[in-house]
Amino acid sequence: MAILDSPQSLDTTSSSTDNGHGHGHERAATIRRRPSARSVEPLLDSDSNSIETESAINDAENDQNEANLIGNLGGGAVESANEEQESESASEGLSFGKEKEDKVKENGESGDGGKGGDASSIKFAYRPSAPAHRKNKESPLSSDAIFKQSHAGLFNLCIVVLVAVNSRLIIENLMKYGWLIKVGFWFGPKSLRDWPLFMCCLSLPIFPLAAFLVEKLVKQKSIPEWVAVFLHVIITTTSILYPVVVILRCDSAVLSGVTLMLFACIVWLKLVSYAHTNYDLRVLSKSLDKWEALCSYWNMEYSYDVSFQSLAYFMVAPTLCYQPSYPRTACIRKGWVFRQLIKLVIFSGFMGFIVEQYINPIVQNSQHPLKGDFLYAIERVLKLSVPNLYVWLCMFYCFFHLWLNILAELLCFGDREFYKDWWNARTVEEYWRMWNMPVHKWMVRHIYFPCLRNGISKGIAVLVAFLVSAIFHELCIAVPCHIFKLWAFIGIMFQVPLVIVTNYLQNKFQNSMVGNMMFWCFFCIVGQPMCLLLYYHDLMNRKASAR
């Protein structure tokens, strides 16, 4: 029935119906003249016994009927073999369709209408002696073919299983422990004590304004270049130290401190990019040939100009790399923004539910992972890994996909490659290159390639990039927690040997599955839960000693 439903089969049959009544003798003569080259060969490929059977049945008929019957069988057999081989070759990327079409045209098409051709095709293709196995093929889940198949159905199955299993766990947890979420989870009376952090956050725009004034003065040649560099160093350093001092002097909530440090780090990264880019633009503007060549290479037209509008747009844009102009979209899709905001609220609430209902009780009932029983610590880490992984994935989706895309849509920001397919990372190095594209582009632009241009080797340049990342991870976690045990710093620097190990395993096994599993195991199942337990118990010990 597959042949009957095929569009190629219907087209061939209809054409044979139109042209078969007047040229039956001519096609029969053609088949008789060239039996071995054009007609008999495809028949033998489909079913070698069918010609003998049909010729034995039609020995008593006249020459005209015999010619018509041979024409029908030849056209139907070639047609069925053609369609079957075309369906196989389409799945494997081959291109024999045109060849088979030409063979059908040369051999002639069925002359007794659609029903006769279809019947003979079925008779030919489904004979007991027709070969069912014609070539080497792999199972869809074999290692050689697994990445060539679509697994949408298995993905849907995993989603259904996850929803069912986790729904049961949520119901069981609520029946056993009740509703653990506090009323003042997001806001409460104690939040008023964090007002110094809020005021500090509102005062951060002073530093971009100071950087703009420095660039304006150096463009007007009111101050020399070295003075501008010195002033930028002071401005960027103050922009990161000022929030640190405010947080350390206030007994604020951890969430408020983390939020302020994230804003301060973003401002620092943007100010460094603003100063570094303007310095390079001044150097290029002094050489017209270099400027024109680079503009042609970038395929962008902009000139060196210190504009307050460009700085203001850059400070709120979802990027860390400054440039005078950005690709822009035509309009704002208000309905799309509204839908993304609803998703943002839903997934943020889901994160809060998991943190309060699952992660907090597990952490509170666990011992310090470095001071208790080793097997008990492993059990706590593994138990914490699943809800921690859910929170981390929701955080990624809320921030990198929803929030940054909402901000880009409101600002008509065109380049929205905020992440790549990091979930397919085969090594730790690939993960760091794909999961946070704004930071990766900043590192490559202002750390990695400047190191290479100054004669530093690639390995040392990568180490410097990880060192900068480790310092900022430590600032964003240790300062709000008032704990300087360097757990975050060590965790990021530990990525360097992991990069070497996963690259070695990938080169040795040449299998993306091995490297991808190692990445998920080291990074998400063991690393993050261990850091969470370490910081939580140190935080609890600090509060206990303070009392």
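What's counted below: heavy atoms across the whole structure, side chains too, no hydrogens, waters or symmetry copies.
- At a threshold of 4.5 Å between non-hydrogen side-chain atoms, the residues Val428 and Trp432 count as touching.
- Shortest non-hydrogen contact noted between Ile477 and Pro480 is O-CD, 3.4 Å.
- When the shell of 6.0 Å around OH of Tyr279 is examined, it contains 12 or fewer heavy atoms from other residues, nucleotides or ligands.
- Residue pairs satisfying the side-chain hydrogen bond (donor to acceptor under 3.5 Å, both in side chains) criterion with at least one member in residues 517-527, sequence neighbours excluded, are listed as follows: Asn516-Trp520.
- Screening residues 196-207 for side-chain hydrogen bond (donor to acceptor under 3.5 Å, both in side chains), with sequence neighbours left out, gives Ser203-Tyr242.
- With a 4.5 Å cut-off on side-chain heavy atoms, Ile460 and Cys451 do not count as touching.
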Stepwise side chain to side chain contact (heavy atoms under 4.5 Å, CB included) check, Phe263 with Thr259: CA-CA 6 Å; Phe263 275 112; Thr259 304; 3.7 Å; yes
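- Pairs engaging residues 519-531 under the salt bridge (Lys or Arg N to Asp or Glu O under 4.0 Å) rule: none recorded [sequence neighbours left out].
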Using the side chain to side chain contact (heavy atoms under 4.5 Å, CB included) rule, take Tyr390 and Met351 through it: C-alpha gap first, then chi angles, then the decisive distance, then the call. CA-CA 8 Å; Tyr390 287 164; Met351 277 195 297; over 6 Å; no
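- Under a 3.5 Å cut-off, the side chain of Thr237 and the backbone N or O of Ile234 do not form any donor-acceptor pair.
- Among residue pairs with one or both ends in residues 468-487, those qualifying as salt bridge (Lys or Arg N to Asp or Glu O under 4.0 Å) are Lys485-Asp538; sequence neighbours excluded.
- For the ring-ring contact (aromatic ring centres under 6.0 Å, His included) with Phe400, the lone residue among Trp392, Phe418, Trp435, Trp422 that qualifies is Trp435.
- Heavy atoms from other residues, nucleotides or ligands lying under 6.0 Å from CZ of Arg328 number more than 12.
- The shortest side-chain heavy-atom distance between Leu341 and Leu402 does not fall under the 4.5 Å cut-off.
- Shown here for Ser273 and His446, the closest heavy-atom pair between the two residues is OG-NE2, 2.9 Å.
- The residues Lys441 and Asp415 are annotated as salt-bridged, a charged nitrogen and a carboxylate oxygen being separated by less than 4.0 angstrom.
- Side chains of Gln309 and Ser307: a donor-acceptor N/O pair is present below 3.5 angstrom, by distance only.
- Distance check, rounded to the nearest 0.5 Å: OG of Ser457 to CG of Leu452 gives 8.5 Å.
- Qualifying side-chain contact (heavy atoms from CB on, under 4.5 Å) partners for Leu213, counting only residues two or more places apart in sequence or in other chains: none.
- Residue Leu269 comes nearest to Trp442 through the heavy atom pair O-NE1, 2.9 Å, listed as atom of the first residue, atom of the second, then distance.
- Here the straight-line distance linking atom CZ of Arg282 with atom NZ of Lys221 works out to 11.0 Å at 0.5 Å rounding.
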Are His232 and Leu271 close enough, and set up right, to give a side chain to side chain contact (heavy atoms under 4.5 Å, CB included), and what steps lead you there? CA-CA 8 Å; His232 278 304; Leu271 290 178; over 6 Å; no
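- Under 4.0 Å is where a charged nitrogen must lie from a carboxylate oxygen, and between Arg433 and Glu429 at least one such pair does.
- Closest approach of His276 and Pro450 over heavy atoms only: CE1-CG, 3.9 Å.
- Residues Ile159 and Leu162 are not in side-chain contact: their nearest non-hydrogen atoms beyond the backbone lie 4.5 Å or more apart.
- Contact annotation: the side chain of Phe198 never approaches that of Leu260 to less than 4.5 Å [non-hydrogen atoms, C-beta and beyond].
- Between the side chain of Glu215 and the backbone N or O of Ala211, no donor-acceptor pair lies under 3.5 Å.
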After noting the C-alpha distance and the side-chain angles of Leu463 and Val496, does the key distance pass the side chain to side chain contact (heavy atoms under 4.5 Å, CB included) rule? CA-CA 7 Å; Leu463 189 63; Val496 177; 4.0 Å; yes
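- Judged by distance alone, with hydrogens and angles left aside, the side-chain atoms of Ser239 form a donor-acceptor pair with the main-chain N or O of Thr236 at under 3.5 Å.
- No side-chain donor-acceptor contact under 3.5 Å links Arg445 to the backbone of Thr277.
- Gln357 places a side-chain heavy atom less than 4.5 Å from the side chain of Leu174.
- Distance check: Phe489 CZ to Ser469 OG gives 10.0 Å after rounding to the nearest 0.5 Å.
- Atoms CD1 and CD1, on Ile492 and Ile490 in that order, are 11.5 Å from each other to the nearest 0.5 Å.
- Leu204 and Pro243 make their closest contact through CD2-CG, 4.1 Å (heavy atoms, listed as atom of the first residue, atom of the second, distance).
- Within 6.0 Å of CZ on Phe308 lie no more than 12 heavy atoms contributed by other residues, nucleotides or ligands.
- Interatomic distance, CD1 of Ile500 versus OG1 of Thr427, reported as 12.0 Å (0.5 Å rounding).
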side-chain hydrogen bond (donor to acceptor under 3.5 Å, both in side chains) for Tyr431 and Thr502? Distances and angles first, verdict last. CA-CA 11 Å; Tyr431 164 77; Thr502 53; over 6 Å; no
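- Proximity of a side-chain donor or acceptor of Tyr313 to a complementary backbone N or O of Leu411 within less than 3.5 Å is detected.
- The aromatic rings of Tyr326 and Phe314 lie parallel to each other, their planes meeting at an angle below 30°, with 60° marking the opposite boundary.
- For the pair Ser348 (side chain) and Leu344 (backbone), a donor-acceptor distance under 3.5 Å is present.
- In this structure, Phe472 has its ring center under 6.0 Å from that of Trp268.
- With hydrogens and angles disregarded, no donor-acceptor distance shorter than 3.5 Å links the side chain of Gln220 to the backbone of Ser222.
- Distance alone, capped at 3.5 Å, places no donor-acceptor pair between the His440 side chain and the Asn436 backbone.
- Here side-chain hydrogen bond (donor to acceptor under 3.5 Å, both in side chains) pairs that include residues 400-414, with residues two or more places apart or in two chains, are Arg333-Glu409, His401-Tyr419, Glu409-Arg416.
- When all heavy atoms of Ile235 and Phe207 are compared, the pair lying nearest together is CG2-O, 3.7 Å.
- With contacts defined as side-chain heavy-atom distances shorter than 4.5 Å, the pair Phe413/Thr329 does not qualify.
- With hydrogens and angles ignored, the 3.5 Å screen pairs no side-chain donor or acceptor of Asn388 with any backbone N or O of Leu384.
- Remark: Cys265 SG to His473 NE2 distance equals 9.5 Å, nearest 0.5 Å.
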